[in-house]
Amino acid sequence: MRRKSLNFREKGGQAPTRLGASPRFSAGRFSTAGRVTRLYLKKSTCSMTRPVRTRFAPSPTGYMHIGGMRTALFAWLWARHTGGTFILRVDDTDQERNVEAALGPIFRAFEWLGLTWDEGPKVGGSFEPYYQSQRSHLYRAAVDQLLVTGRAFKDFDPPELIAEDRKQAEAAKRTWVNVRRSLELSDDERKRLEETGRPFVVRFLIPRDQKIAIDDAVRGHVEWDCSLMPDPVIMRSNGSFLYNFATVVDDAQMEITHIIRAEEHLANTPVQALIHKALDNPMPVFAHIPFITAPGSTKKMSKRDVDKLRNSPQLKKLFDRADEVFPQLGIGDSKTLNPVMVEYYERLGYLPAGILNALSRLGWSLDGTTEFMSLDDVVKNFTLERIVKAAAGFDPEKLQSFQQHWMNQLPLEDKIVGCLPFLIKTGLVPDQPDDEDRSNVGRVIAAVADRLRVFSDILDYKEFFVADESMTFDQKPFQQRLRDAPEARGLLTAIRDQLATVTPYDATTLDKLVHDFTESNGIKIGQIVHALRVAVTGKSAGVGLFDALAILGRDRSLVRIERALSQI
RNA sequence: GGCCCCAUCGUCUAGAGGCCUAGGACAUCGGAUUUUCAGUCCGAGUACUGGGGUUCGAAUCCCCAUGGGGUCACCA
């Protein structure tokens, strides 16, 4: 269930979000014991409105995870819904060699889906740079500030000693918190240690006599007892900074108002909130959205278990499809691109509208009945309040149904544009298709109609694009409908003669012709239709037979029938 | 294990104490339409984790239990 503690429940529209305006934020609300200190600083308790700014901070991993995309989408939606700003910031503190290359697929995914960012790589912005690796000076300054104000301290304890402490705590079944030996040092001792070059880390000093609470936009009130929290390292002994710290500095510096991220970060939040407080930052609103679980699983979907996913019955079809289609396109197979990657869907010819619709409905709903929504619809109606708390399973079937819906909405011309690249890449249509090629493709797509779910499905209708001599007959139906059906040969020959002369050669006329044919021969329609279908398309299933004949035209139909006859 | 989060059909969800005999969608299963496949139309089955409270009344509020998950780094 939701509702209750949502202090910034939408009152509709573009109003800037009021931060901390509700009594929920009033200090002392969580003071169950006298000891508990007030939790919110003046800055966050005073009524203050800031324009909404949300962010997504991907690491350059070389691909865009579908679950990450959903998280990004929600952050983007909130920014767009409120008329705010959406920021992309690269978490590259790992300093990988080729950040740009590893970022490519990520930008590509955003661009494909049409999720534009207002600030970040490529577009810049007033809080540059947007790469964490280039922002060390800011982290450095923040560390210094905390050191000066006594909210952080240099810890000279060697890692082995800490490990020992931890082991002991574990043995005694105590919750481990670091021992603050370095805090006991006199100024002289500390100075001496530093002068001798003794390595140290900087730890943030947790106020252990407090509790820390947040009012999460989806989870409501969540609070932690600081006495159980170790002082987190914020700067390593080599002078680099930890994510948990850098992200706080960045969020504050970039004036992020709403931190919309996956639920797994909830556990990081008390430390981050505490650091925000210590830095005297306005407290952002946190919104921890549920993560997406793999189909048939309760665990979050990750690329680490792709092999497990491969065997899941729900996902098997998607993997198989990749293995069928990608090799034809020369882009590997399901090992190169799999269904946890956004690019998988792009390359297969899914529609942004389909993916976006499916992703929006995972952990969010407009009401009890609305399923199909355009991105604009979702932007208009998106509120944090309606985000569901429980984890949601990714359902490929449902995605398929969204995809199908949006594909059916598409005008023929757009379908042609979408299918053409697949036909060109597989050599079924020339690189520079002329009007004739295009209209032929259009006729096929029109006949394929709603059998076309994703653009690459057009590759299932190769028979209309290959030369008559190189079309293959599927063995099973050929056997069943032509060889094993005693009357097939005679009927096929007879209908061939009629097809040779009928005019015009269009679906309606052919339909009538075949029906008349069955009547005058006293046969059932099934007796001729199946044989004829296999003869001209090589397959037992596909577009309507009369459409198929009309697309092929008289000459090609006759050639194909002749060829089938000769192989019976 | 500590801390934290979560819990309605197989799945995504609706549900703000009486509109609930629990609604919608996907999937499934029937039936109809049809030249195949797909589609479309009609119909069916399937859920409030359990136990205690509060209340005239609980899916909804409270407590406990159970189950699931996340997180516990000089990772991000």
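What's counted below: heavy atoms across the whole structure, side chains too, no hydrogens, waters or symmetry copies.
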Novice: Do the non-hydrogen side-chain atoms of A:Cys419 and A:Leu452 ever get within less than 4.5 Å of each other?
Specialist: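 Yes, at least one pair of side-chain atoms sits under 4.5 Å.
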Novice: Encode nucleotides 62-74 of chain B as B, S and - characters from 5' to 3', where the letter depends on protein heavy atoms closer than 4.0 Å: B to the base, S only to sugar-phosphate, - to neither.
Specialist: ------SSSS-SB
Novice: Does either side chain, that of A:Arg236 or that of A:Ser240, offer a donor lying less than 3.5 Å from an acceptor on the other one?
Specialist: yes
Novice: Does anything in residues 452-461 of chain A pair up under side-chain hydrogen bond (donor to acceptor under 3.5 Å, both in side chains), and if so which pairs, sequence neighbours excluded?
Specialist: A:Arg321-A:Asp457, A:Arg321-A:Asp460, A:Gln404-A:Arg453
Novice: Mind checking the P distance from B:U28 to B:U66? Whole angstroms is fine.
Specialist: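 38 Å, rounded to whole Å.
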Novice: Please state the C1' separation for the pair B:G10 and B:U36 - nearest whole angstrom.
Specialist: 31 Å
Novice: Angle between ring planes, A:Tyr243 versus A:His265, binned at 30° and 60°: parallel, tilted or perpendicular?
Specialist: tilted
Novice: What distance, rounded to whole Å, do you find between the two C1' atoms, one in B:G67 and one in B:A25?
Specialist: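 To the nearest whole Å, 27 Å.
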Novice: When the P atoms of B:G69 and B:G30 are compared, how many Å lie between them, rounded to an integer?
Specialist: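 About 34 Å, rounded to a whole number of Å.
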Novice: Please measure how far the C1' atom in B:C29 lies from the corresponding atom in B:U35, and state the result in whole Å.
Specialist: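 Looking at atom C1' only, B:C29 and B:U35 are 26 Å apart.
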Novice: Given the C1' atoms of B:C48 and B:G43, what is the spacing between them in whole Å?
Specialist: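 So the two C1' atoms sit 25 Å from each other.
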Novice: Evaluate the ring planes of A:Phe382 and A:Trp364, with Trp represented by its six-membered ring, and classify them as parallel (under 30°), tilted (30 to 60°) or perpendicular (over 60°).
Specialist: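 It falls in the tilted class, 30° to 60°.
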Novice: Can you tell me the Watson-Crick or wobble partner of B:G2, both distances under 3.5 angstrom?
Specialist: B:U71
Novice: What string of B, S and - do you get for nucleotides 28-49 of chain B, 5' to 3', when a contact is any protein heavy atom under 4.0 Å?
Specialist: -------BBBBS----------
Novice: Measuring only the P atom in each nucleotide, how far is B:C37 from B:A59? A whole number of Å is fine.
Specialist: 46 Å
Novice: Taking B:G15 as the reference, what is the distance to B:C56 when you measure between their P atoms (whole Å, please)?
Specialist: 27 Å
